[in-house]
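Note that ligands are numbered from 1 as they come in the structure, with each ligand's atoms numbered from 1 the same way. Along the sequence shown, residues carry numbers from 1.
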Amino acid sequence: MPDDSRPATRKLAYETKLSHIGRPPKKGAKAQVNMPVIRASTVTFPDVAMLKAARERRFDQWGSYGIHGLATHHALEDIVAEIEGGDRCAIQGSGLAAIVVAMMAYLKAGDHCLVPDSVYGPCRNLCDTLLKGFGVETTYYDPLVNEAGMAALIRPNTKVVYTESPGSHSFEVQDVPGIARAAHARGAKVLMDNTWGIRTFQPFTHGVDLSIQALTKYVVGHSDVLLGSVTVKAADWPAVKIAQGTLGQFASPDDCWLALRGARTMAVRMKRQEQSAMEVARWLETRPEVLHVLHPALPSHPQHALWKRDFTGACSLFGVVFHKRYSMAQVDTLIDNLALFGIGASWGGFESLALPTTGNITRTATSDDLGGPTMRLHIGLEEPADLIADLEGAMAALGG
Ligand SMILES: Cc1ncc(COP(=O)(O)O)c(C=O)c1O
């Protein structure tokens, strides 16, 4: 929701925006720097005319009921819309809820959607269960498809082309602009899970229509809140808000407040985590046990050139493929031996995590063989030298 009392922020550096957007209006007396938690189901009005006016503008400002979001939600929506470069943002109760809202905004019985084979697992589950039951057909495509290849996959009833770049287990970088050109030429909407690319991939300059974020990750940044968002340009705003309202989706204002706190420090956290992850990834590349490090910012990554073209940086999530001579059981033991890495599925927090990935990924259109047993690392705010020493010690499990 635009705040006219603050200067236009579009031209400011991203770090400056994170300090200034979504704060209480500058006009008038100000009791606090941060937006307070506004908790309300009921919104009351001095007269019926004002209630009716609030109903009319429920997509734009405070509505007539808490489900439409109140000031704490709107503050977070403003900040995420700026980070993503969109016009409007709708906050959801989790990243997965954001995926559901975005899909339901543009799919109905008889429609077809295209989803990359590398997609986040629960999105595949949505397609294979609920959407299928509602009469929506999904085709999984090779995430490395080019523009012509995508054009060939689109059918007259294809309404959604979903993207996620890079995939959060196999780390293929997609040609999102090419895919978007093919989709738009045939009237389909382009959805993207841009969680990995937050701050470094501008979805709307690369052809995306609906950008999904799991704010749970780097925006929250402390592994204690689930939240998601769908950000759009103005033309797609009504469809997203109608889907959200129809599905009864709502995020707690307390959680939004925690995410606002996280957003204030996200720039410094992410810069540090990006650098630390590169240091750990480069070290892993030198190890004889390691076949590939799946990190798009490494020149050895097969889509490094594409990443350089479209991204301005990286986050701190990447994969490690060990040589085939090791078993997945040995890699599991390596992970068990780590002292500083938690064993867990999420990412984006201040703490490092390791996750065995081989055997946990479903692929139906392309091979799931990455060349050997694989683990995923999330690098937190620890000193990289300590993390490297931890990994080096744990590698004894592989026996050289
Ligand atoms: C790539 C990706 N997208 C979306 C999500 C879903 O986010 P949430 O956990 O907030 O539902 C996740 C969670 O792990 C994820 O890794």
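- Of the residues Lys159, Lys108, Arg155, Lys132, the one that meets the salt bridge (charged side-chain N to carboxylate O under 4.0 Å, His left out) test with Glu137 is Arg155.
- Backbone and side-chain nitrogen or oxygen atoms of Arg376 are examined, and none is located within less than 3.5 angstrom of a nitrogen or oxygen of ligand 1.
- Scanning the protein heavy atoms around atom 4 (C) of ligand 1, the nearest turns out to be Asp193 OD2, 3.4 Å.
- To the nearest 0.5 Å, the span separating CZ on Phe350 from NE2 on His222 amounts to 6.5 Å.
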Determine, stepwise, if the pair Tyr106 / Asp111 fulfils side chain to side chain contact (heavy atoms under 4.5 Å, CB included). CA-CA 9 Å; Tyr106 281 109; Asp111 288 346; over 6 Å; no
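- Taking CE of Met192 as the start and CG of Asp209 as the end, the distance is 12.5 Å to the nearest 0.5 Å.
- Here the heavy atom of the protein found nearest to atom 6 (C) of ligand 1 is Tyr120 OH, 3.4 Å.
- Remark: Ser170 OG to Asp369 CG distance equals 12.0 Å, nearest 0.5 Å.
- Leu227 and Ile67 fall into different hydrophobic clusters, defined by Ile, Leu, Val, Met, Phe, Trp and Tyr side-chain heavy atoms under 4.5 Å apart, directly or through other members.
- Looking only at heavy atoms of the protein, atom 16 (O) of ligand 1 is closest to Trp347 NE1, 2.9 Å.
- A donor atom on one side chain and an acceptor atom on the other are found under 3.5 Å apart for Glu382 and Ser352.
- Protein heavy atom closest to atom 10 (O) of ligand 1, with residue, atom name and distance, is Thr216 OG1, 2.5 Å.
- Residue, atom and distance of the protein heavy atom nearest to atom 11 (O) of ligand 1 are Leu96 N, 2.9 Å.
- For atom 14 (O) of ligand 1, the nearest non-hydrogen atom of the protein is Lys217 NZ, 2.7 Å.
- Scanning the protein for heavy atoms near atom 8 (P) of ligand 1, the closest one is Gly95 N, 3.4 Å.
- Each of the following atoms of ligand 1 lies closer than 4.0 Å to a heavy atom of Glu164: 1 (C).
- Taking only nitrogen or oxygen atoms, main chain and side chain alike, Ala345 does not reach within less than 3.5 Å of ligand 1.
- Annotation: Leu226 places no N or O atom under 3.5 Å from an N or O atom of ligand 1; distance criterion only.
- Residue-to-ligand polar distances keep Ser346 apart from ligand 1: every N/O pair is separated by 3.5 Å or more.
- Figure legend: cation-pi geometry between Arg124 and Tyr140, with NZ or CZ positioned under 6.0 Å from the six-membered ring centre and within 45° of its axis.
- Contact annotation: Trp196 has no heavy atom less than 4.0 Å from any atom of ligand 1.
- Inclusion of Ser168 in the set of residues having an N or O under 3.5 Å from an N or O of ligand 1 is not warranted.
- Between Phe311 and Trp196, the gap from one ring centroid to the other is short of 6.0 Å.
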